[in-house]
Amino acid sequence: MQLKDSNSKPSSSNAVDTIQGWLVNQIAKQLGINAQTIKITEPLTRYGLDSIDSVTIVGELEDWLDAELPPTLLWDYPTIEKASQYLVNEVGVTPAETATQATEVTTKPQEAPKEKAWGGLWNKISGS
Amino acid sequence: MQPLKQYWIAEALEKDLGDPTNPDSVMSFKQVIDLDEKEEFPHEIINWLYNWKLQHYYIPAECGGEFTSFDEFIAFVRVLSRRDQTSAIAFTTMFWSYLTWMAGTDEQKRTLASFMKDANGAMCLAYSEKAHGSDLLASDVRAKKVPGGYILNGEKWPINRATISGVTFVLAKTDEAGGARSLSLFMVEKSKIDPANYTHLPKIYTHGIRGSDMSGIRFENCFIPESMRLGAEGVGLELALKGFQITRALCAAFSQGAADTALRTTLKFALGRQLYGKTVFDMPQPKRTLTDAFLDILICDCATIGVARGFNTMPEQISVWSAVVKYFVTTTLETVVQNVSVVLGSRFYMREEHDWGIFQKVLRDNAIISMFDGSTVVNLHALLLQLRQLTKSRVKNAGRNQDTLQARLQATFDLTQPLPAFDGKKLELVNRGGDDVLQGLELALTSLSDLQTDSHLNSEVLQQIIQLLQMVQEELKTLDHQITESTFQFGHEQAPEVFDIAKQYCVLHAASSCVYMWLYNRHHLGDFFASGEWLALSLRKLLLTFRPAKALPTRLSDEAVSQELVRLYNHNRMFSIVPFQLAQPQQEEITTDATQRLQLQA
């Protein structure tokens, strides 16, 4: 009989960290800003994410977490910190990825994309 | 009688309103032009509609009214709109009542239903502010919480029916901290607030719908009781966006009515006017223009009816569907009105010539439809933000649950199928589960392939439908690929190219809607509909958005379509896939009967 190893699963604080890291990374990438400048305690609207964006980003989060979430999640929990805590403590989601990724994000912020609108979609289509 | 029950109200209303070319009819072209020239609100017409009890059809059955389905609703709004968009829009602001039907308490629903039925009451929507355009969250109107209610301050403008209405739906800021939960929605009953604390703003003089009560409202320290708040504090934006999903889709009905009159009045001219020894209609170019306009109307009809029924069958997908028709149908039909104006020649610009000058009024009035309740840009933006998720769903759902998808499509597009009751609580801010209409392309292609054994069908027509739908599928794959290869960008500075993709998505959605409409209704919408030339021609027309004409199959003869157009005109029937009966002039009724008898004898 195998003993349950509590360390084999990420603890709830690890899960919260992982989601926070994902959100920081995602929002930095999509808004074209440096991840290090994003504070998890600030309302997301401060970074230019408007109400409709907040609804559509939940779709990406749903895909990543493989869970159905309320579309108004980021309206009701408007900071990265609050949203992540809600997801772990109330909804009970556990991200499949390890917490180390979140650390990487904060230590190695991704370059902000230079092209506007869907990462230079037009360049890809036209081949220019 | 029309076998489809959802058209009975439209036909009954038509009959009672009478022939619009008879000056003595209610809402006759002469009457509505006279009112428009004087820029007068159509009080008499609106009263007639109340006396007819049309307002009951704006109130859901469970709230004590007669409203049951959106496809019934759009049919009778087309009837109003083909006569006069000013009155149609003025009367239909009543549909904002849906905010209350969706979110109100039982008491609020009772109050509003009684106000509409017993007091001939109307309502208006106070969302816009002069300084903020479509940016609802920037609201300067404040509702400050006080014991027992709120103190309302600020100005809303422009508002249709701001002055001549008894209930104003006001979106106001209840949380100074801002954010998506900072707005609340209020159903302000003017009779219950102090007249000293609000004023109506002066009439705005507009390009079209000149008789409209277009104005605004200003609140100054106006106390409104807590019972006037709809839903919880902070749900204002959510309710507003869901309410728009409903009204945006229904706006298409205004455009359909306008396009019908633009085409009908032009056709009347083309059939009667002699030039170079023949009628204008006998000349190939004008005939092609009018036939193409008819095709556009049929395409839009398929898209609009599909979405209207979709409210009942797939409410969770309406955030996408509604944006599709609000963009596609209104702009396509605006173009139709422009296109047929060429056939009318200089007369389209004259304010008295030809049917009392109704054409120039339609042209002016109709121009607002693609703008209000969310402009073209707002709708395309709402759609483009969802495209990535739609593509992901399409990939994820490919080939899965084909039977249930088939059943959902049939429930939506088969006009003889009973609809489940609409539940407003099932509307979602963003699409859930993908877009069935485009998900079902593979199924549609299989169904089309199965029809190859049907000896009643012209095989050339069917082959072309199949070939064109395969092209629709290829274009969708290309579009999905472009979307997948891109990274998502938020905000309001999206590239024009992304707007183009959203527009293309709408065209593919409309093309697929036409195919389902045909597949599921071939046996009950008459011979013209069943034979399918209109569908092949429509698909080819839509694909010109993506490919040059020479890359498409040769255009089939459109003779059947132009003949059907003239037949519907001669028999006073709506230009529609369900050509329901329009009001007939009494004398002409006798002539038509005689013609039918002659045809039968021949």
Side-chain angles (χ1 to χ4, degrees), chain A residues 23 25-33 38 42-79 82-83 110-128, chain B residues 134-138 175 177-183 234-238 240-242 316 319 378 381-393 395-396 427-434 478-479 481-501:
Chain A
L23 277 168
N25 195 13
Q26 194 75 2
I27 286 160
K29 200 169 71 183
Q30 286 164 357
L31 296 179
I33 53 177
I38 294 177
E42 286 280 318
L44 289 169
T45 47
R46 299 274 162 84
Y47 302 106
L49 196 77
D50 78 10
S51 53
I52 306 305
D53 298 334
S54 305
V55 169
T56 46
I57 202 176
V58 176
E60 305 272 333
L61 195 57
E62 283 185 327
D63 286 345
W64 177 62
L65 291 170
D66 196 23
E68 189 161 312
L69 305 173
T72 52
L73 170 80
L74 295 175
W75 289 13
D76 297 318
Y77 304 91
T79 69
K82 284 182 184 158
Q110 294 194 351
E111 278 291 303
K114 289 190 180 64
E115 319 94 323
K116 281 300 282 181
W118 290 25
L121 170 63
W122 185 243
N123 294 343
K124 282 177 184 136
I125 300 168
S126 61
S128 58
Chain B
S134 305
D135 187 0
L136 297 181
L137 278 179
D175 181 2
R181 290 294 186 204
S182 65
L183 297 177
V235 301
L237 183 64
E238 193 174 348
L241 293 174
K242 288 181 177 174
E316 64 277 18
S319 68
V378 165
H381 185 251
L383 181 59
L384 69 88
L385 287 175
Q386 301 185 62
L387 288 179
R388 275 180 74 79
Q389 282 304 320
L390 288 169
T391 293
K392 283 186 195 174
S393 302
V395 173
K396 199 166 66 188
L427 291 177
E428 294 274 4
L429 287 176
V430 282
N431 185 287
R432 284 269 186 216
T478 308
L479 204 110
H481 182 69
Q482 288 171 357
I483 294 166
T484 310
E485 286 296 294
S486 65
T487 51
F488 195 72
Q489 186 83 24
F490 287 111
H492 284 91
E493 291 177 41
Q494 304 281 347
E497 289 75 18
V498 184
F499 278 88
D500 288 342
I501 291 190

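In what follows, every chain begins at residue 1, and chains take the letters A, B, ... in the order their sequences are listed.
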Side chain, backbone, both or neither: which part of B/E238 has a heavy atom under 4.5 Å from chain A?
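Its backbone and side chain both get close to chain A.
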Note, B/E497 side chain near B/I501 side chain (heavy atom, < 4.5 Å):
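When only atoms from C-beta onward are counted, B/I501 and B/E497 do not touch, as no gap falls below 4.5 Å.
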Salt bridge (charged side-chain N to carboxylate O under 4.0 Å, His left out) against A/D63, all qualifying residues, sequence neighbours excluded:
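If we apply the salt bridge (charged side-chain N to carboxylate O under 4.0 Å, His left out) test to A/D63, skipping adjacent residues, the hits are B/K392.
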Heavy-atom pairs under 4.5 Å with chain A: which of B/P496, B/G179, B/A382, B/A180 has the most?
B/A180
Got a second to check how far A/I57's CD1 is from B/L385's CG, nearest 0.5 Å?
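Nearest 0.5 Å value for the CD1-CG distance: 11.5 Å.
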Where on A/Q26 is there a heavy atom nearer than 4.5 Å to chain B: the side chain, the backbone, both, or neither?
neither
Region of A/L74 that comes under 4.5 Å of a non-hydrogen atom in chain B
neither
Check whether any side-chain heavy atom of B/R181 lies under 4.5 Å from a side-chain heavy atom of B/V235, and answer yes or no.
yes
A/N25 CG to A/I38 CD1 distance, which is reported to the nearest 0.5 Å
8.5 Å
Sequence neighbours excluded, the answer for salt bridge (charged side-chain N to carboxylate O under 4.0 Å, His left out) partners of B/E316 is none
Interface check, chain A: of B/N431, B/L137, B/L237, B/D135, most non-hydrogen pairs under 4.5 Å belong to B/L237
Is A/P71 close to chain B through its backbone or its side chain, or both, or neither, when contacts mean heavy atoms under 4.5 Å?
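Both parts, backbone and side chain.
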Side chain, backbone, both or neither: which part of B/L136 has a heavy atom under 4.5 Å from chain A?
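Neither part; nothing is under 4.5 Å.
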